Amino acid sequence: MSARRTLLLGLGGLILAIGLTFLLDPYRNYQLALVAAYLCATAGLTVLVGLSGQLSLGHAALMAAGGYGFALTSQALTSAGVGGLPRFLAATVAAAVVAGVLGLLLGLAGARLHGPYLAGLTLTLVVAVPAVAASVGALQGDRGVQMQFEGVPGPLRALIALEQWQAWVALAVAAVAVTGLALVRDGRTGLRMRAVRDDEVAAALAGIAPARVKVLAFVVSSVTAGLGGAVLTFVTQSVSPGAYTVSLSLLLLVAVVVGGLGSLLGAALGAVLLVLLPWLVGTVTDMLPLPSQVTQRIDGTLPLLVFGLLLIVLVACAPGGLAGALTAARARRRARRRLTAPAPTTAPPSPTAPAPRESARTPTEG
Amino acid sequence: MPEREAPAGAGAMRLQVRGLTVRFGGLAALTDVDLDVAESQVVGLIGPNGAGKTTVFNAVSGLVRTAAGTITVAGRPAPRAPQGLARAGVARTLQGLGLFPGLSVRENVEVGVLGASDPAARALEALDDLGIADRAALPVGALPYPEQKKVALARALVADPRLLLLDEPAGGLGAADIAELDAVVRRVAATGCAVLLVEHHVDFVMSLCDRVVVLDFGRVIADGTPDAVRRDPAVTAAYLGIEVTAS
Ligand SMILES: Nc1ncnc2c1ncn2[C@@H]1O[C@H](COP(=O)(O)OP(=O)(O)OP(=O)(O)O)[C@@H](O)[C@H]1O
Ligand SMILES: [Mg+2]
């Protein structure tokens with residue numbers, strides 16, 4: 001895909017998504033904002049795992065780093081009298097930088113480690129970050145950092161609800177993150193990543209520095225995860241250690257695999273599932289005649305279970321994930337259309353046994 | 001480094017290996033190996049399995065540490081790390097295929113020239129030179145083996161190297177494909193590129209190469225014209241006697 005097409009697609013997608021917010025009620029818009037926040041992280045993760053072949057169980061920690069970076073910068077700027085868009089932009093950049101630096105360190109360590117060791121290192125990080133955050137005074141422990149209320153900016157206040165405004169902001173950041181990742185994926189850097197993923201020695205012999213490419217992939221992925229943390233903090237107006245646990249890391253990874261490794265569309269589908277699945281499960285269990293205590297317990301674990309089952313089914317039936325299954329279905333439909341296209345004089349070919357002669361002739365006829 | 005022992009009539013030296021010794025733990029994979037390849041020259045490096053042929057390539061590519069000796073590429077010390085190789089004008093194919101299975105045919109070749117201004121166009125050109133430009137968009141795994149070998153060759157050739165290291169380029173190919181490969185190597189050498197090729201296919205090596213170097217247990221046991229090497233009793237004993245009847 002050319003860079004211009006990617007940019008246009010990113011912009012078009014953003015406009016469509018913003019249009020969508022007018023059709024949704026405030027709660028759905030809040031959910032949409034959450035999807036956008038998770039999308040930043042899943043998109044970065046799918047590039048890291050799918051393109052560069054490195055596994056990270058630490059993306060929740062990178063999101064947390066972004067969230068704290070955002071919150072603390074935002075607070076500092078507020079007390080310095082800065083507000084509005086400059087404050088938001090500066091805090092977002094700070095989130096990206098904090099997460100990016102953490103990702104750089106992880107990537108540097110990861111370039112020397114392989115497979116299970118890298119996974120172990122990232123797992124350590126995701127366990128350590130909330131624990132550290134909870135014990136550092138400046139981060140205000142388990143309670144986390146509360147942001148002060150930031151409403152809809154003046155001119156829009158009469159027109160849209162807070163949730164819709166938050167969704168806009170979240171979608172805009174996600175659009176920037178995903179478009180950036182798409183540009184990386186389609187450019188030389190993406191090709192280098194995939195080459196290193198497939199064969200490090202062959203890549204090195206072709207002039208690629210595998211370690212540098214892998215570290216870069218980690219940084220890029222971490223920056224977008226940090227943006228996700230910033231958006232999540234902006235939307236929920238707080239950041240606390242409890243929101244960024246190991247299970248979020250695992251869920252992000254499952255979402256990416258379910259969506260389709262290496263696919264940005266898959267990352268979006270995964271992010272939607274991340275937000276919708278707990279809600280769907282909650283809705284279903286509410287309808288069942290169960291004591292509230294049981295319902296509560298089920299609500300906590302059932303989404304994980306459903307996600308896990310979905311993962312198993314997809315890995316068994318559609319290794320390309322949801323995005324891969326969609327692409328395959330589209331290809332099948334196109335192939336079927338090509339088969340049914342021939343002129344009415346020829347007998348319609350049976351779809352189960354297409355005559356090779358006919359399918360070979362179609363291109364000249366169509 | 002002074003260019004001693006340069007073969008008479010040869011042009012500028014592209015690869016000069018002196019006293020190369022490589023050890024893997026207690027195993028002496030290479031001992032005191034000398035090797036020269038001049039521009040436009042095609043040199044064959046042959047020897048029985050495990051003789052150390054690929055290890056020579058690995059040492060030149062910076063993939064294994066040398067215990068002793070010097071390796072000079074176009075008058076300069078060989079790069080320490082493999083990623084410096086391409087910049088030094090060296091391209092290498094790997095034994096087997098060494099392709100990127102997740103990349104398309106064109107992307108596989110593009111990787112060889114990512115530093116240049118239009119890698120995609122260069123890749124298509126290189127594929128066209130080998131007659132497989134129409135395969136560019138396919139996943140590389142969808143190609144039959146001989147065409148995959150061509151993709152690997154195209155990736156080595158795409159950057160217009162001045163020293164080309166080919167590790168068993170004819171491995172697994174039939175007579176027609178080998179004839180085609182022969183023509184490609186001659187064409188490349190005619191442009192001034194120095195070619196060092198490891199090969200088990202003796203007839204191919206003997207007809208194509210200007211010089212043949214024979215390795216056995218990590219030592220050079222013969223170095224000369226194909227005819228001289230073919231007649232060398234040490235070579236017959238170590239290698240050719242078995243292989244010629246086998247191939
Ligand atoms: N990385 C390594 N670590 C340990 N031993 C090695 C390594 N690479 C090669 N060897 C050993 O060094 C010797 C030479 O191997 P090399 O691959 O160079 O042989 P070759 O001549 O290319 O053989 P073939 O014709 O089978 O490809 C062999 O005994 C091999 O087992
Ligand atoms: Mg070998």
Side-chain angles (χ1 to χ4, degrees), chain A residues 1-6 46-55 111-112 183-217 257 260-263 266 319-321 323-324 327-328 331 334 360 363, chain B residues 54 57-58 60-64 79-104 106-120 122-123 126 139-141 148 151-152 154-159 161 163-167:
Chain A
M1 215 185 297
S2 77
R4 234 189 65 207
R5 241 194 98 194
T6 305
T46 209
V47 164
L48 181 71
V49 184
L51 263 50
S52 90
Q54 301 178 93
L55 188 63
R112 295 167 181 280
L183 290 174
V184 167
R185 177 197 60 189
D186 297 339
R188 293 178 195 207
T189 307
L191 191 49
R192 288 194 180 99
M193 286 179 190
R194 289 155 61 214
V196 168
R197 170 200 66 192
D198 281 0
D199 190 334
E200 279 191 37
V201 172
L205 288 173
I208 297 171
R212 204 178 306 162
V213 169
K214 287 163 86 174
V215 172
L216 182 65
V257 175
L261 264 187
S263 155
T327 318
R334 212 173 299 142
Chain B
T54 298
F57 278 18
N58 285 343
V60 174
S61 320
L63 283 169
V64 298
R80 291 278 185 75
Q83 54 260 38
L85 214 58
R87 215 172 312 123
V90 186
R92 171 188 172 180
T93 64
L94 289 163
Q95 194 168 343
L97 285 169
L99 294 173
F100 306 109
L103 273 53
S104 73
R106 195 204 54 193
E107 288 171 331
N108 259 282
V109 179
E110 233 180 298
V111 168
V113 70
L114 276 178
S117 63
D118 192 352
R122 292 276 296 268
V140 76
Q148 293 195 17
V151 177
R155 188 172 68 222
L157 293 177
V158 68
L163 172 64
L164 180 62
L165 309 174
L166 300 174
D167 202 341

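All values reported here derive from a predicted model rather than from experimental measurement. Atom set for the values below is all heavy atoms of this structure, side chains included, hydrogens, waters and symmetry mates excluded. First the proteins, then the strands, lettered A, B, ... as listed; each starts at 1.
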Peer 1: Please flag which part of B/L94 lies under 4.5 Å from any non-hydrogen atom of chain A: side chain, backbone, both or neither.
Peer 2: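 Interface part for B/L94: side chain.
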Peer 1: Under a 4.5 Å heavy-atom cut-off, does chain A meet the side chain of B/L103, its backbone, both or neither?
Peer 2: both
Peer 1: Ignoring hydrogens, what is the shortest heavy-atom contact between B/Q83 and A/I208? Give both atom names and the distance.
Peer 2: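 Answer, listing the atom of B/Q83 first, then A/I208: CB-O, 3.4 Å.
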Peer 1: Could you state the interatomic distance from CG (A/L191) to CZ (B/F100), rounded to the nearest 0.5 Å?
Peer 2: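 Reported value, rounded in 0.5 Å steps: 8.5 Å.
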Peer 1: Report yes if the side chains of B/L114 and A/R192 come closer than 4.5 Å at any heavy-atom pair, otherwise no.
Peer 2: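 A side-chain contact exists here, since the closest heavy-atom pair is under 4.5 Å.
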Peer 1: Heavy-atom pairs under 4.5 Å with chain A are the metric here; pick the option from B/A88, B/A81, B/P119 that has the most.
Peer 2: B/P119
Peer 1: With chain A as the partner, which of B/G98, B/P101, B/S61, B/A86 has the greatest number of non-hydrogen pairs under 4.5 Å?
Peer 2: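 So the answer, after comparing B/G98, B/P101, B/S61, B/A86, is B/P101.
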Peer 1: Yes or no on salt bridge (Lys or Arg N to Asp or Glu O under 4.0 Å) for B/E107 and A/R194, after CA distance, side-chain angles and deciding distance?
Peer 2: CA-CA 10 Å; B/E107 288 171 331; A/R194 289 155 61 214; 2.7 Å; yes
Peer 1: Measure the shortest side-chain to side-chain distance between B/L99 and A/D199 over non-hydrogen atoms and say whether it is less than 4.5 angstrom.
Peer 2: no
Peer 1: Among B/G84, B/P79, B/A116, which residue forms the greatest number of heavy-atom pairs with chain A at distances under 4.5 Å?
Peer 2: B/A116
Peer 1: Are more than 12 heavy atoms, taken from residues, nucleotides or ligands other than B/R87, located less than 6.0 Å from that residue's CZ atom?
Peer 2: no
Peer 1: Let's test your reading of the structure: which of A/A202, A/A203, A/G262, A/P210 forms the most heavy-atom pairs below 4.5 Å with chain B?
Peer 2: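 Top option by heavy-atom pairs under 4.5 Å: A/A202.
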Peer 1: Please report the closest heavy-atom contact between A/D198 and B/G102, naming both atoms and the distance.
Peer 2: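 Scanning both residues, the minimum pair turns out to be OD2-N, 2.6 Å.
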Peer 1: Which atom pair, heavy atoms only, marks the closest approach of B/S117 to A/R188?
Peer 2: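 Looking at all heavy atoms of both residues, the closest pair is O-NH2, 2.8 Å.
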